[in-house]
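All figures in this text were calculated on a predicted structure; none of them were measured in a lab. Letters A, B, ... mirror the listed sequences (proteins, then strands); counts begin at 1. Hydrogens, waters and symmetry mates play no part in the numbers below; they use all other heavy atoms, side chains included.
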2 protein chains.
Amino acid sequence: MSTPAGPAGEPAPGSRPRGIAFLLSQVGAHAAQRFAERVGELGVSPSDVGLLRLISAEPGRSQRSLAEDLGVVPSRVVALVDALERKGLVERRRSPRDRRNQELHLTAEGARVMAAMPSLAPAHEDEICAPLDREQRALLASLLEALAAHHALAPGVHPGYRRPSS
Amino acid sequence: MSTPAGPAGEPAPGSRPRGIAFLLSQVGAHAAQRFAERVGELGVSPSDVGLLRLISAEPGRSQRSLAEDLGVVPSRVVALVDALERKGLVERRRSPRDRRNQELHLTAEGARVMAAMPSLAPAHEDEICAPLDREQRALLASLLEALAAHHALAPGVHPGYRRPSS
DNA sequence: TATTGTTATACTCTATAACTATA
DNA sequence: TATAGTTATAGAGTATAACAATA
């Protein structure tokens, strides 16, 4: 470990330890950035991936429902889906039952991108966790799960869709 | 804990565990967002705080040197410092020794904002770590320190200044 | 009238390139 | 010529408000 801190979290006298909150945000931002670089090679952005995941988990869902899950305004979803449609990864289909609704579906190409994710993920995971052994990774995972659960962060939804603050 | 995963990191058969990398970025983004809300009440943004910290650690430093530390282009620093100057938190002084350089200094008000940070930080830290006991926090801190060190993340510098990707 | 999606518009963030003053 | 900072400009991201189609 690189900074002088006591062996069990006691701050060494006179040294302000880096806070956990800052470390989380710092390391988390780094992980997100590397992820962006990796999926960028597939021609998609992290927000594209998140949207594709939600759509593939429940094909046919409406833009309105996505807006609610992501915590963004509906007009934002228009832009997000526009990007995906321009790339040929999703398709809008007017719902026959309520013609106000757009049903969102992955195209074959969109499905192919999603299919590539599981093979990309382990390398990413391994890069981020590189200095930790198996046991430490398990420990870290369970601590982070506890935090995510406590703060009510939904399993597949990244807070990065929501506007930073105001 | 909220998701079905094996007791020691063995993924339960058939369940894809949330990756550590994703959890880090998710929880980290949440921590950053809450921090933004907290410091927002002091009238500053997280990037303001980061800049103030660097300047107060080494008063008189130049914009160029900040640009290098932050990993951004010099014109970006102009905007960042403009914001700080507009808020009356920092002062630009032409260096007498090399009149091309701006020496950056905190104003009294800027020093006051920085002085408020240490009293704000523990509440933030405690909110983020709420579900963890003392021992777990120490453990998490050391794991995160290891990751930060491995990925060469500098103690006070948030990757969020750097452009997401391209 | 209420709801889904869309467009128009504006504001913020950030980069690139051209420019000014100084060395 | 080279360097520190600045300005001009452009593009991405994201919100609000007004609007069209449908219910």
Quiz prompt | Rounded distance in Å - CG (L104(A)) to C1' (dG5(C)) | solution = 11 Å
Quiz item: Roughly how far, to the nearest 0.5 Å, is the SG atom of C129(A) from the CG atom of L24(B)?
Solution: 7.0 Å
Return all side-chain donor-acceptor pairs below 3.5 angstrom for residues 109-119 of chain A, not counting sequence neighbours, or 'none' if the list is empty.
residue : atom : partner : partner atom : Å
E109(A) : OE1  : R112(A) : NH1          : 2.2
S119(A) : OG   : A116(A) : O            : 2.9

Practice problem: Could you tell me whether E127(A) and R34(A) have a side-chain N and a carboxylate O separated by less than 4.0 Å? | Solution: yes
Quiz prompt | Rounded interatomic separation in angstrom, taking CG from L51(B) and P from dC13(C) | solution = 13 Å
Exercise. Identify, between S75(B) and S45(A), the residue whose nearest nucleotide on DNA chain D lies closer to the 5' end.
Key: S75(B)
Self-check item: Among Q102(A), E68(A), R92(A), side-chain hydrogen bond (donor to acceptor under 3.5 Å, both in side chains) partner for Q63(A)
Solution: R92(A)
Quiz item: Should L147(B) and L140(A) count as side-chain neighbours, where that means a heavy-atom distance under 4.5 Å?
Solution: yes
Quiz item: Does the side chain of S45(B) pick up a donor-acceptor pair with the side chain of D48(B) at under 3.5 Å?
Solution: yes
Quiz item: What is the distance from atom OG of S25(B) to atom NE2 of H30(A), rounded to the nearest 0.5 Å?
Solution: 12.0 Å
Quiz item: How many Å lie between CG on D82(B) and P on dT6(D), as a whole number?
Solution: 7 Å
Exercise. Rounded off to whole Å, could you give me the CG-to-C1' distance for the L80(B) and dA15(C) pair?
Key: 13 Å
Quiz item: Does a salt bridge link K87(A) with E85(A), judged by any charged N lying under 4.0 Å from a carboxylate O?
Solution: no
Exercise. Can you tell me the distance, in whole Å, between the CG atom of L84(B) and the P atom of dC13(C)?
Key: 13 Å
Exercise. Identify, residue by residue, the members of residues 59-70 of chain B with a heavy atom below 4.0 Å from DNA chain D, and return them in order of residue number, or none.
Key: S62(B), Q63(B), R64(B)
Quiz item: Among residues 87-102 of chain A, which contact DNA chain D at a heavy-atom distance under 4.0 Å?
Solution: D98(A), R99(A), R100(A)
